[in-house]
2 protein chains.
Amino acid sequence: MRTYGQYCALAKALDVVGDRWTLLIVRELGLRGPCRYTDLRHGLPGIATNLLADRLREMEENGIVRREEAPPPVATTLFHLTERGVELAPVLLALGHWGAEYMGERREGDEFRSHWLRYPIEHLFTDAAPDGPAVEIELRTGDQPILVEVGGGAVRARPGVAEKPDLVLSGEPEVVLGLLRERFDLRAARRRGLRTEGDVAVLDRLHNLG
Amino acid sequence: MRTYGQYCALAKALDVVGDRWTLLIVRELGLRGPCRYTDLRHGLPGIATNLLADRLREMEENGIVRREEAPPPVATTLFHLTERGVELAPVLLALGHWGAEYMGERREGDEFRSHWLRYPIEHLFTDAAPDGPAVEIELRTGDQPILVEVGGGAVRARPGVAEKPDLVLSGEPEVVLGLLRERFDLRAARRRGLRTEGDVAVLDRLHNLG
DNA sequence: CGGCATCCTCTTTGATACTG
DNA sequence: CAGTATCAAAGAGGATGCCG
């Protein structure tokens, strides 16, 4: 681990989490909770396997990741964030908020994983009608469906399906996200391939913060 | 500039500011305002000059830095943050806050510049007695004196000296910072080489947030 | 001096193949 | 599943040179 050799809190932080891939590994563990090595590889398209192993080792040494051997019959290794790793959440949020600007276009070849939607959905929106009945929106985009629950003042997103979703949105991620973020309207989203089932009015429950 | 190729706001942000040295350059421009190339080199001990030139070019292309040629007779180039660059402030603050944990010890060979104290001082402290008279504390550590003004609810730090400071603290940066952050008391700080002139009671005006 | 560009070496990364 | 091993390419670091 190459260090900047500067007595400065920012430089010290970057000594620990400034290496390529490190913060994305924190993202995966933060989004999905404890992960197997293979889960991490799936959530980090493009990473070389040796690099993932190297990073996990360094992050363990630096106290932001903890490795836990699950006992038989499961017999697998689970990687967790430590408390110190969890404390990186404000950093990820600040960076993600700043980077949201670049989400307008999806570049050719950009990989996408549905669970990445959790951070933007839970942090870019609040419940516009906390006293209204809870609503469920299912997003069908990327590798797995995401269930968005809006109610009681909170917005939650996680992999899963609803028995009777109020609304189902299907299409390319940049279209689904663009619609949610009100970068364009329903008509434009449909022109870009969006399909909907159910009551599109429940989208009004998402109050856009950003 | 190597990209992660992921349709994710965090990855997109890191595509732009994740390269080595980039965020430290933003720090310098944020702390000091528009800088000459040479000022940047001074504030970034350890950077190779070609790398600084490369980064400044990339950052300009990415819209976070703007270059301005001062007219003769000054005839120098000034590097500014763009609006987009200024918007990185929350990222720097989050990272700096997280990295403050590592400031307890100063590692052998760690370089230090006094103006780096501005972020921690202005963001780790508030004015404990907003209605009291303003006080001035001069810090003599590192390459130049820093003047800390506490009053009216605000804490400001900048290079400079006071005509009649209420308190002067001299010593190694880790001692001055450790004292301010209440990691140890005045007695312990003196044992570590701190020298004071004036009224140490004004330190009570700094309310420690972190 | 200020603002780089070049050259060289060393380290890190990425792609792929292979293993207990 | 959870990594190692290998090797080529890219990037970082250091020294020095150049030009207004």
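A note on names: the letters A, B, ... follow the listed sequences, proteins ahead of strands, and every chain is numbered from 1.
- For the pair A:Arg27 and A:Tyr119, the cation-pi test (distance below 6.0 Å, angle within 45°) is failed.
- Distances shorter than 4.0 Å separate none of the side-chain N or O atoms of A:Trp21 from OP1 or OP2 on C:dT12.
- Rounding to whole angstrom units, CZ of residue B:Arg2 and P of C:dT13 are separated by 11 Å.
- Within residues 47-55 of chain A, the residues approaching DNA chain C are A:Ala48, A:Thr49, A:Asn50, A:Leu51, A:Arg55, by heavy-atom distance under 4.0 Å.
- In terms of position along DNA chain D, the nucleotide closest to A:Arg36 lies nearer the 5' end than the nucleotide closest to the other residue of the pair A:Arg36 and A:Tyr4.
- Pairs engaging residues 34-47 of chain A under the salt bridge (Lys or Arg N to Asp or Glu O under 4.0 Å) rule: A:Arg36-A:Asp39 [sequence neighbours left out].
- Both B:Tyr37 and A:Gly46 lie close to DNA chain C; mapped to their nearest nucleotides by heavy-atom distance, the more 5′-ward contact belongs to B:Tyr37.
- Heavy atoms from other residues, nucleotides or ligands lying under 6.0 Å from CZ of B:Arg107 number 12 at most.
- Rounded to a whole Å, the CG atom of A:Asp15 is 16 Å from the C1' atom of C:dT12.
- In this structure, CD of B:Glu68 is placed 17 Å from C1' of C:dG3, rounded to the nearest angstrom.
- Whole-Å rounding puts the A:Leu44 CG to C:dA15 P distance at 14 Å.
- Annotation: side-chain hydrogen bond (donor to acceptor under 3.5 Å, both in side chains) contacts involving residues 171-182 of chain B, sequence neighbours excluded, comprise B:Arg106-B:Glu172, B:Arg106-B:Glu174.
- For A:Arg20 and D:dA12, the CZ to C1' distance is 14 Å, given to the nearest whole Å.
- Among residue pairs with one or both ends in residues 90-99 of chain A, none qualify as salt bridge (Lys or Arg N to Asp or Glu O under 4.0 Å); sequence neighbours excluded.
- Atom C1' of nucleotide C:dG3 and atom CD of B:Glu60 are separated by 13 Å, given to the nearest angstrom.
- Contact between the side-chain N/O atoms of A:Thr38 and the OP1/OP2 oxygens of D:dC1 is found at a separation under 4.0 Å.
- Atom CE in A:Met59 sits roughly 17 Å away from atom C1' in D:dG3 (whole-Å rounding).
- For the ring pair (Phe, Tyr, Trp, His ring centres under 6.0 Å) condition, the pairs that include at least one residue of residues 7-28 of chain B, sequence neighbours left out, are A:Tyr4-B:Trp21.
- Following rounding to the nearest Å, B:Arg41 (CZ) and D:dT16 (P) show an atom-to-atom distance of 13 Å.
- Residues passing the side chain to side chain donor-acceptor pair (under 3.5 Å) test with A:Glu101, sequence neighbours excluded: none.
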